[in-house]
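So you know, we letter chains A, B, ... as the sequences are listed, proteins then strands, and number each from 1.
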There are 2 protein chains.
Amino acid sequence: MGQKAQAIRQRIVAAADQLFYQRGYEHTSFSDIADAVGISRGNFYYHFKTKDEILNAVIDIRVDQIQRMLDAWTYEYSDPQQRILLFIDILTNNQESIKSHGCPIGSLCTELAKLSHEMLQEANVMLAVMRDWLTDQFRALGMGADARKIAMHLLARTQGIATITNAFEDQQFLRQEVKRLRQWLDEMIAQYAN
Amino acid sequence: MGQKAQAIRQRIVAAADQLFYQRGYEHTSFSDIADAVGISRGNFYYHFKTKDEILNAVIDIRVDQIQRMLDAWTYEYSDPQQRILLFIDILTNNQESIKSHGCPIGSLCTELAKLSHEMLQEANVMLAVMRDWLTDQFRALGMGADARKIAMHLLARTQGIATITNAFEDQQFLRQEVKRLRQWLDEMIAQYAN
DNA sequence: GTCTATATACGGATAGAC
DNA sequence: GTCTATCCGTATATAGAC
């Protein structure tokens with residue numbers, strides 16, 4: 001595959017990534033993606049044979065982006081609490097899009113579950129990557145055997161906040177829950193510091 | 001409309017209710033519903049003109065069922081804490097279906113948001129009814145001006161638990177989070193009892 | 001009220017010219 | 001590599017016989 005094809009392939013995946021988030025996977029058609037990229041539907045199939053193949057590529061880049069982000073935070077900050085706060089701040093930093101479209105990860109998993117789509121297994125890797133990174137942080141804070149459960153708990157909290165913010169289209173709720181999460185984190189750390 | 005038509009209408013709504021939950025709204029076709037009820041597609045349109053009309057009817061009965069359930073709990077139990085525990089136990093009592101299909105309310109709101117569907121406004125009434133009932137319970141527990149925020153918090157927690165349980169297909173996580181919720185409730189009550 | 005047959009649109013996917 | 005034209009399945013929705 002040539003360089004030009006690679007570049008277009010990337011543009012297709014980027015467009016699909018955005019559209020799957022905004023409109024959902026099933027509700028996004030090949031035409032939608034082709035229009036967004038500026039190529040014809042026919043040409044489309046030169047790059048991707050099936051819709052599932054695009055979904056697979058979208059999940060792959062998302063997993064990659066999440067991993068890069070977490071790696072960067074690990075590199076830039078040494079304090080686990082600080083790192084977890086950065087994770088919580090994802091909510092605040094994306095409150096407008098969460099209000100309109102929910103969590104890109106959670107809503108995709110929810111949709112794939114409804115479709116009984118095999119790629120749900122691939123999609124929840126996005127969550128697993130965050131879970132594992134968070135587990136590392138909580139373990140570093142002395143939470144030992146509980147670290148993984150606490151990481152899962154935080155993951156679920158963020159999903160719930162995204163779902164409700166989206167359903168009620170209420171950013172105020174998101175901000176209020178972020179405060180509660182920060183408070184919870186302080187309490188957890190204090191608790192395990194004993 | 002005759003009695004027979006009414007009965008069939010109810011059977012259609014019941015079938016749609018279940019299918020929308022299991023497969024999602026958009027992914028459920030008229031044929032799916034007609035097959036489930038045991039009538040032809042053509043006959044279908046005698047009862048409902050559009051798919052949105054069915055969605056509307058499904059939301060209406062869901063709101064009604066939720067309201068009845070909460071009214072019954074209010075009538076049968078006088079202790080607000082006991083009532084809230086019954087609400088939390090919805091998760092435990094439905095863990096198999098939540099594992100497979102998530103929360104019927106949250107996942108519908110998530111889908112309608114993606115579709116930019118006007119009926120999201122109707123759908124989040126299901127959440128609002130629960131929010132208001134929970135607010136009453138927390139107020140009765142002395143949480144005053146915070147009651148509504150705490151109710152929203154609990155609502156979000158349940159949504160997050162459902163999303164993660166569904167994404168990872170992990171009932172064990174649900175049970176573990178229910179324990180955490182019960183513990184949280186105890187702590188909240190103790191905190192406001194001072 | 002219920003059925004079969006059908007109109008119409010759109011989706012994913014392919015063929016083949018250029 | 002990119003396009004136009006097209007196949008085919010399925011979806012919503014309608015018409016009209018019974």
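- Taking 4.0 angstrom as the limit, A:Asn43 places a side-chain polar atom (N or O) nearer than this to OP1 or OP2 of D:dC3.
- The distance between atom CD of B:Glu26 and atom C1' of D:dT12, rounded to the nearest whole Å, is 12 Å.
- Between the CD1 atom of B:Ile54 and the P atom of D:dA13 there is a distance of 9 Å, given to the nearest Å.
- At a threshold of 4.0 Å, the pair A:Arg68-A:Asp71 does not count as salt-bridged, since none of the basic side-chain nitrogens sits closer than that to a carboxylate oxygen.
- Remark: C1' of D:dT2 and NE2 of A:His47 are 8 Å apart, rounded to the nearest angstrom.
- Each of C:dA13, D:dT4, C:dT2 was ranked by its minimum atom distance to the side chain of A:Ser40; first place goes to D:dT4.
- Out of C:dT2, D:dC3, D:dT2, the shortest distance to the side chain of A:Ile39 is found at D:dC3.
- Phosphate proximity of C:dG11 to A:His27: absent, as no side-chain N or O sits under 4.0 Å from OP1 or OP2.
- If you measure from atom CD1 of A:Ile33 to atom C1' of C:dG12, you get 11 Å, rounded to the nearest angstrom.
- When distances run from any side-chain atom of A:Phe30 to the nucleotides D:dG1, C:dA13, C:dG1, the shortest one goes to C:dA13.
- Regarding B:Asp32, its CG atom lies at a distance of 12 Å from the P atom of D:dT10, rounded to whole Å.
- Out of C:dG12, D:dA13, C:dT2, the shortest distance to the side chain of A:Ser29 is found at C:dG12.
- Computed from coordinates, the A:Lys49 NZ to D:dG1 P distance equals 12 Å when rounded to whole Å.
- With A:Asp32 contributing its side chain and A:Ser29 its backbone, the two residues share a donor-acceptor pair below 3.5 Å.
- Residue B:Tyr46 places none of its side-chain N or O atoms closer than 4.0 Å to OP1 or OP2 of C:dT2.
- Annotation: cation-pi geometry not satisfied between B:Arg9 and B:Tyr46 (NZ/CZ under 6.0 angstrom from ring centroid, within 45° of ring axis).
- A salt bridge is absent between A:Asp146 and A:Lys149: the closest approach of a Lys/Arg side-chain nitrogen to an acidic carboxylate oxygen does not fall below 4.0 angstrom.
- Rounded to an integer number of Å, the gap from A:Tyr25 OH to C:dG11 P is 14 Å.
- The ring of A:His153 has its center no closer than 6.0 angstrom to the ring center of B:Trp184.
- Heavy-atom distances to DNA chain C give each of A:Asp52 and B:Ile8 a nearest nucleotide, and the one nearer the 5′ end belongs to B:Ile8.
- Comparing D:dC3, D:dA11, C:dT14 by their closest approach to the side chain of A:Tyr45 singles out C:dT14.
- We find that CZ of B:Phe44 is positioned 18 Å from C1' of D:dA15, with the value rounded to whole Å.
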